[in-house]
Trainee: 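I'd like to ask some things about the structure below.
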2 protein chains.
Amino acid sequence: MSEGSNAVKNTGDKLLLAAIDLMASKGYKGVTTQEIAAAAGLSEKTLFRHFGSKQNLLEAAFDRFHYAEEMTRLFNEKLVWELETDLLLISRTYHEIMNRNRKMIMISVKEADHLPGFRERTIRHPKQFIEILTRYFTEMTAQGKLIETNAELQAYSFISMNYGVFLNHLTAGEDFPGLKLEDFITESVRTFTRGLAR
Amino acid sequence: MSEGSNAVKNTGDKLLLAAIDLMASKGYKGVTTQEIAAAAGLSEKTLFRHFGSKQNLLEAAFDRFHYAEEMTRLFNEKLVWELETDLLLISRTYHEIMNRNRKMIMISVKEADHLPGFRERTIRHPKQFIEILTRYFTEMTAQGKLIETNAELQAYSFISMNYGVFLNHLTAGEDFPGLKLEDFITESVRTFTRGLAR
DNA sequence: CTTAAATGTCAGTCAGTACTGACGGTCAGT
DNA sequence: ACTGACCGTCAGTACTGACTGACATTTAAG
């Protein structure tokens, strides 16, 4: 299901995973079909027999991952309507999902032009995340647990903050100057809680 | 100084600006020397006479922009040691600088591997921004205007939030669902102020 | 063993692309 | 008119990389 599987993989999967891996680091144009095949332990010919073209390979890799749905579920089931607790869950879930799909996200950041509708399904689908969080904030305000604010902007701020941190970890490699992700999460959630709680 | 100049440009500048423009959208490998020359209204030969190689062109483009210094200045001169006011200034300054250099930033996001030390000078130099903001938070705490927190983590959170928003605007094109940048700034600063002020 | 499906090997095609050399034109300064 | 710096054109080189076809080889199933 994700790139971190360790079970026995068939030929198609090996090629897909190798492609995702290499494209994420070197970009679509930066990697050759030979490299991908070699990394998968297969011949270049086999690659073309399976996918027909390099472009198809990218699209197939892209089709195999979707993380919009699991967010929705993990949300609506586990919230306890206590701000700090819920924000912690949301933040941790977000980073877990993003990290699991980090290579595909890296590809879609670099290769936004190579595919039609590519952008819509990755970068911009934090949109859904924001919508869910917006509804949560609105409901919390209705319950009198939050101050009156623009719920959408707050959701946007919170998600963007986590997105920024996620990208930092992705591009800068290790944690920034020595900041651990978990410390960031607890600290930033605490600040938001103080800033939003009534 | 920046890509937004409108004065008469000499040959070298025309090529550099065309290169920055095209590489930002299509990537280093995605653009040809012919395209760049054509976009600059010059011949391919002239490109090579000026820069010798495509790689040199990228490096020359890279050398022409630096935004680390101006941050330092704009900071230490204008702060009034009142949290909300200062955070507003910092946030607005940040977006102004990042926006002015957005194309080079886009390149360095996509082409992190093509240059040695490329990453260090762009993506990862928000580091300096964070250090400055950390000192500010520390000093504010010493003045009794802030609650006791991990200043570095707070700075990291604040900058990352603005970085995330900046990248959203960059990749998603227009503002997100209809959220204006200025609205985000005032709202997020207000939340952080409430979350951090004593 | 036989067969069929999947894979490998190898040689090769074809288009693109960075980069060069030779030469000719333009134009400002003297 | 002469010169020198700058630019264009054109033809061409050398290499890379996606993609193919023909044929041999492996492997699992009956």
Trainee: Identify all pairs in which a protein N or O lies below 3.5 Å from an N or O of nucleotides 27-29 of chain C, and state each distance.
Mentor:
none

Trainee: Which residues satisfy the side-chain contact (heavy atoms from CB on, under 4.5 Å) test with Ala18(B), sequence neighbours excluded?
Mentor: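 Here the qualifying residues are Ile36(B), Ala39(B), Ala40(B).
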Trainee: Between the protein and nucleotides 4-6 of chain D, list the N/O to N/O atom pairs that are separated by less than 3.5 angstrom.
Mentor:
none

Trainee: Salt bridge (charged side-chain N to carboxylate O under 4.0 Å, His left out): which pairs involve residues 17-26 of chain B, sequence neighbours left out?
Mentor: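 Checked against salt bridge (charged side-chain N to carboxylate O under 4.0 Å, His left out) - neighbours excluded - the pairs reaching residues 17-26 of chain B are Asp21(B)-Lys103(B), Lys26(B)-Glu35(B).
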Trainee: Checking all strands, does Thr46(A) fall into the base, sugar-phosphate, or nothing category for heavy-atom contacts under 4.0 angstrom?
Mentor: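 Sugar-phosphate, backbone atoms only, no base.
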Trainee: Run the side-chain contact (heavy atoms from CB on, under 4.5 Å) test against Ser160(A) and tell me which residues pass, sequence neighbours left out.
Mentor: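 side-chain contact (heavy atoms from CB on, under 4.5 Å) list for Ser160(A), sorted by chain: Tyr156(A), Val165(B), Asn168(B).
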Trainee: Could you state the atom-to-atom distance from CG of Leu22(B) to C1' of dA18(C) in whole Å?
Mentor: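 Answer to the nearest Å: 16 Å.
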Trainee: So is Lys110(A) actually on top of Tyr28(A)'s ring, under 6.0 Å and inside 45° of the axis?
Mentor: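 The answer is no, since Lys110(A) fails at least one limit relative to Tyr28(A).
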Trainee: Please list, chain by chain and in numerical order, all residues satisfying ring-ring contact (aromatic ring centres under 6.0 Å, His included) with Tyr136(B), sequence neighbours excluded.
Mentor: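 Partners of Tyr136(B) under the ring-ring contact (aromatic ring centres under 6.0 Å, His included) test: Trp81(B).
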Trainee: Identify the pairs formed between an N or O of the protein and an N or O of nucleotides 15-21 of chain D at a distance under 3.5 Å, and give each distance.
Mentor:
| residue | atom | partner | partner atom | Å |
| --- | --- | --- | --- | --- |
| dA18(D) | OP1 | Val31(A) | O | 3.4 |
| dA18(D) | OP1 | Lys54(A) | NZ | 2.9 |
| dA18(D) | OP2 | Thr33(A) | N | 3.0 |
| dA18(D) | OP2 | Thr33(A) | OG1 | 2.9 |
| dC19(D) | OP2 | Lys54(A) | N | 2.7 |
| dG21(D) | N7 | Lys45(A) | NZ | 2.7 |

Trainee: Tell me: CD of Glu35(B) to C1' of dG16(C), nearest whole Å?
Mentor: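 It is 12 Å, rounded to the nearest whole Å.
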Trainee: In whole angstrom, give the distance that lies between atom CZ of Arg49(A) and atom P of dC10(C).
Mentor: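 Rounding to the nearest Å, CZ of Arg49(A) and P of dC10(C) are 14 Å apart.
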Trainee: Not counting sequence neighbours, which residues clear ring-ring contact (aromatic ring centres under 6.0 Å, His included) with Tyr94(B)? List them please.
Mentor: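 Scan of Tyr94(B) (ring-ring contact (aromatic ring centres under 6.0 Å, His included), adjacent residues dropped) gives Phe129(B).
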Trainee: Under 4.0 Å between any heavy atoms, over every strand shown, what does Gly41(A) touch: base, sugar-phosphate, or nothing? Just pick one.
Mentor: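 Gly41(A): backbone/sugar contact only, no base atoms under 4.0 Å.
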Trainee: Taking only residues two or more places apart in sequence, or in another chain, which ones meet Glu84(B) in a salt bridge (Lys or Arg N to Asp or Glu O under 4.0 Å)?
Mentor: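 Expected list: none.
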Trainee: Run the side-chain contact (heavy atoms from CB on, under 4.5 Å) test against Arg135(A) and tell me which residues pass, sequence neighbours left out.
Mentor: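 Glu131(A), Ile132(A).
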Trainee: Apply ring-ring contact (aromatic ring centres under 6.0 Å, His included) to Phe137(B) and list each qualifying residue two or more places apart in sequence or on a separate chain.
Mentor: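 Testing Phe137(B) for ring-ring contact (aromatic ring centres under 6.0 Å, His included), a comparison that skips the adjacent residues, returns none.
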Trainee: Rounding to a whole Å, what distance do you find between Leu42(A):CG and dT27(D):P?
Mentor: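 After rounding, the reported distance stands at 13 Å.
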Trainee: Under 3.5 Å, side chain of Lys145(A) to main-chain N/O of Arg198(A), donor-acceptor pair present?
Mentor: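 Checked: no pair found.
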Trainee: Looking at residues at least two apart in the chain, or sitting in another chain, which of them share a side-chain contact (heavy atoms from CB on, under 4.5 Å) with Asn150(B)?
Mentor: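 By the side-chain contact (heavy atoms from CB on, under 4.5 Å) rule, Asn150(B) matches Glu187(A), Glu152(B), Leu153(B).
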